[in-house]
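Have a look at the structure below before the remarks.
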Amino acid sequence: MKTGVYESAVLINAALDDQQIELVLTRIKDFITNNGGQIREVDNWGRKRLAYPVEKSKIGYYAIYRFDAPGDLIAKLERIYSLDEQILRYLTLKLDNDALEQLEKNKTLSVVLKEETAPEAVEVTTDAGEANNKEDNRK
């Protein structure tokens with residue numbers, strides 16, 4: 001069966017504690033891998049304020065899964081999403097070559113920006129004798 005590259009964004013109820021959220025994330029990951037998919041990347045955005053209330057929640061926990069999978073897996077995955085009461089919203093997209101290239105460019109750019117903005121190591125040495133001498137000179 002032909003596989004494609006997919007991206008699935010999931011909005012989880014942020015009222016859950018961290019352990020419960022981790023359990024939901026693990027269930028999704030396990031479902032994908034147990035049904036012929038291969039996880040490329042999981043991007044946990046964490047708790048974010050929502051633009052509008054979703055099922056009376058103002059905060060949600062976002063997670064993005066990028067994976068290779070056969071096409072029939074998506075219907076099964078979205079069925080699991082819809083049956084899980086802790087998942088408020090979800091969206092799964094098939095990524096084309098242009099989207100994959102853009103993701104790679106973004107990763108490369110973020111690595112370069114992190115390297116440029118990282119503070120350089122500065123060696124600071126202090127000599128207690130120098131500090132005392134400066135104080136003595138002021139007197």
Side-chain angles (χ1 to χ4, degrees):
M1 181 167 282
K2 189 175 179 182
T3 63
V5 180
Y6 296 91
E7 180 176 80
S8 188
V10 182
L11 177 62
I12 301 168
N13 184 355
L16 301 173
D17 62 29
D18 291 342
Q19 196 173 31
Q20 290 172 312
I21 289 174
E22 199 59 44
L23 183 64
V24 172
L25 296 174
T26 303
R27 275 200 319 255
I28 294 169
K29 194 177 202 179
D30 290 345
F31 183 84
I32 292 170
T33 56
N34 293 338
N35 287 283
Q38 182 179 2
I39 302 287
R40 286 182 169 212
E41 177 182 14
V42 178
D43 192 5
N44 289 327
W45 288 7
R47 287 180 172 85
K48 302 285 182 188
R49 185 166 178 79
L50 303 176
Y52 56 90
V54 176
E55 296 182 22
K56 300 182 181 177
S57 295
K58 294 182 180 182
I59 297 174
Y61 187 98
Y62 287 89
I64 312 290
Y65 292 86
R66 289 186 193 87
F67 57 95
D68 299 311
D72 64 341
L73 172 68
I74 303 309
K76 295 175 190 174
L77 179 64
E78 290 190 343
R79 171 124 171 96
I80 295 298
Y81 289 162
S82 65
L83 293 174
D84 192 334
E85 294 177 1
Q86 306 308 328
I87 297 176
L88 304 177
R89 295 280 191 273
Y90 58 88
L91 177 67
T92 303
L93 303 172
K94 184 172 184 178
L95 301 177
D96 60 5
N97 289 337
D98 293 336
L100 292 170
E101 287 175 18
Q102 189 62 42
L103 281 171
E104 287 302 315
K105 284 181 186 177
N106 288 348
K107 283 183 193 175
T108 305
L109 181 61
S110 69
V111 168
V112 169
L113 288 175
K114 284 181 184 176
E115 288 174 359
E116 287 179 359
T117 58
E120 293 182 25
V122 177
E123 188 175 323
V124 178
T125 56
T126 58
D127 184 8
E130 279 184 337
N132 289 337
N133 289 340
K134 288 180 185 175
E135 288 180 21
D136 290 338
N137 291 339
R138 290 185 197 153
K139 292 182 183 175

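Values reported hereafter were calculated over all heavy atoms of this structure, with side chains retained and with hydrogens, waters and symmetry mates removed.
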Test item: Ile28 and Asp84 side chains (from C-beta on) under 4.5 Å apart, heavy atoms = no

Keeping the roles fixed (side chain from Tyr81, backbone from Leu91), state whether a donor-acceptor pair exists under 3.5 Å.
-> no

Hydrophobic cluster membership, Leu88 vs Tyr52, 4.5 Å side-chain cutoff | yes

Asn97 atom CG, over 12 foreign heavy atoms within 6.0 Å = no

Locate the shortest heavy-atom distance separating Pro70 from Gly36; write the atom from each residue and the value.
-> CD-O, 3.4 Å

May I ask you to test the Gln19-Leu23 pair for a side-chain heavy-atom distance under 4.5 Å?
-> no

Can Ile80 be reached from Tyr62 by stepping across I, L, V, M, F, W or Y side chains whose heavy atoms are under 4.5 Å apart?
-> no

side-chain contact (heavy atoms from CB on, under 4.5 Å) partner of Phe67, the single match among Ile39, Val42, Thr33 | Ile39

Gln38 atom CD, neighbour heavy-atom count above 12 within 6.0 Å = no

State whether the side chain of Arg47 and the backbone N or O of Ala14 hold a donor-acceptor pair below 3.5 Å, judged by distance alone.
-> yes

Nearest 0.5 Å please: distance from the CD1 atom of Ile87 over to the CD atom of Glu55.
-> 11.0 Å

Minimum heavy-atom distance between Val24 and Ile12, given as atom pair plus value | CG1-CD1, 3.8 Å

If Ile, Leu, Val, Met, Phe, Trp and Tyr residues are connected whenever their side-chain heavy atoms lie under 4.5 Å apart, and connections chain through other members, are Phe31 and Ile21 in the same group?
-> yes

Hey, could you give me the CZ/CG distance between Arg66 and Leu95, rounded to the nearest 0.5 Å?
-> 7.5 Å

Any chance you could measure Ser57, atom OG, to Leu50, atom CG, to the nearest 0.5 Å?
-> 7.0 Å

Gap separating the CD atom of Gln86 from the OH atom of Tyr61, nearest 0.5 angstrom | 14.5 Å

Do side-chain atoms of Asn34 reach the backbone of Asp30 as a donor and acceptor pair under 3.5 angstrom?
-> yes

In Å and rounded to the nearest 0.5 Å, what is the CG to CG distance from Asp72 to Leu77?
-> 11.5 Å

Nearest-0.5 Å distance, CZ of residue Arg40 to CD of residue Glu7 = 11.0 Å

Non-hydrogen atoms of Gly60 and Leu11 that approach each other most closely | CA-CD1, 3.5 Å

